[in-house]
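Take a look at the structure below.
Just so you know, ligand 1 is whichever comes first in the structure, and atom 1 is the first atom listed for that ligand.
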Amino acid sequence: MKQFLTVGNWKMNTSLSEALTLAQAIKTDLESTIMPDVQIVICPPFPWIVSVSEIFMETNIKIGAQNISSQTIGPYTGEVAASMLSDICEYVIIGHSERRQSMRENNETIGRKVVTAINAGINPILCVSERQSNDTEGVIKKQISSALVNIENPSQLIIAYEPVWAIGTGLPASPSEVAEIIDNTIRPELRRIYGNLPAANTPILYGGSINHSNAMEFLKEDSIQGTLLGNASLNPKQFSRIARLTAEAKIST
Ligand code: PEP
């Protein structure tokens, strides 16, 4: 798995034709750009995954899902199992704060989803996100430890730190604040569970109101290995620009 990532989360946006136009524009924009160190991942809505994946077929752009079921098979109406996605998706976003909030996903369910993703060979992008609370450290550590309780080897794991108040608001956290949370809370918690090397090797992304103008400030931080983008991923020029900035910022790392 590559160490640096640009991940686009299209959420519940786009019609089929809009999704295909967006995917084609991203492909055209990035086709001639060689970025050996940066993995680009697009996470379309479920119904468009197959069609979008066909557009990216012979490119280095990978497909991710925005969610999976915590169950593996059976009578779970409306759910999508990791095994159903594993031929198409190499990544899946798990525990996004929108799902923690509106679908009442708890740490235990999220932990089961991480297990099902890894068992299906899909790399989980585990989102950890706190509201403005006076126990940021405690909340994030708990989200990490409970999501990973049954994961012995974190080599497929990616973490995305996304403060709830920064998502979709146009008000990003400050790059130094993000680096501090990664260095003093997220990475130490991974180190406590898995030891130094696996903790150092786990890519940690930032997400929350990133756009092409502010992206570089975050990417310049050594602690941050890439971005998870919502709104910016719906604009092909903006998304491609951020992917290129990632390559530029990380090229000599
Ligand atoms: C997100 O939803 O994961 C996200 C980062 O959204 P936005 O970039 O729109 O803040």
- Item | Given R187, R191, R192, the one that forms salt bridge (Lys or Arg N to Asp or Glu O under 4.0 Å) with E189 |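 Testing E189 for a salt bridge (Lys or Arg N to Asp or Glu O under 4.0 Å) against R187, R191, R192 leaves exactly one candidate, R192.
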
- Item | Contact summary for G8 and S233, nearest pair of heavy atoms |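 Nearest pair, atom of G8 first, then S233: CA-CB, 3.4 Å.
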
- Distance-only, no hydrogens or angles: does the S209 side chain make a donor-acceptor pair with backbone N or O of G170 under 3.5 Å?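 The answer is yes, because a donor-acceptor pair under 3.5 Å joins these two groups.
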
- Message: Tell me if a side-chain donor or acceptor on T14 pairs with a main-chain N or O of W10 at a distance below 3.5 Å.
- Response: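 Pair absent, no side-chain N/O of T14 close to backbone of W10.
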
Quick one: nearest non-hydrogen protein atom to [atom], plus distance?
atom	answer
atom 5 (C) of ligand 1	E162 OE2, 3.1 Å
atom 1 (C) of ligand 1	H96 NE2, 3.2 Å
atom 9 (O) of ligand 1	N231 N, 2.9 Å
atom 2 (O) of ligand 1	K11 NZ, 2.4 Å
atom 8 (O) of ligand 1	G230 N, 2.8 Å

Under a 4.0 angstrom heavy-atom cut-off, which atoms of ligand 1 come close to [X]?
X	value
I167	1 (C), 2 (O), 4 (C), 6 (O), 10 (O)
G168	7 (P), 9 (O), 10 (O)
A166	10 (O)
G208	5 (C), 10 (O)
G207	5 (C)

- Item | side chain to side chain contact (heavy atoms under 4.5 Å, CB included) between I40 and T246, worked out | CA-CA 10 Å; I40 298 167; T246 310; over 6 Å; no

- Message: I'd like to know if E105 and R100 make a salt bridge, using a cut-off of under 4.0 Å between side-chain N and carboxylate O.
- Response: no

- Item | Presence of salt bridge, E248 and R244, under 4.0 angstrom |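 Salt bridge flag = no for E248 with R244.
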
- Message: Please verify the inter-ring angle class for Y206 with Y161; under 30° counts as parallel, over 60° as perpendicular, anything in between as tilted.
- Response: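 Answer is tilted, since the angle falls between 30° and 60°.
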
- Message: Does the residue A160 have a heavy-atom contact with ligand 1, meaning some pair of atoms that are separated by less than 4.0 Å?
- Response: no

- Could you see which bit of A232 sits under 4.0 Å from ligand 1, with heavy atoms only: side chain, backbone, both or neither? neither

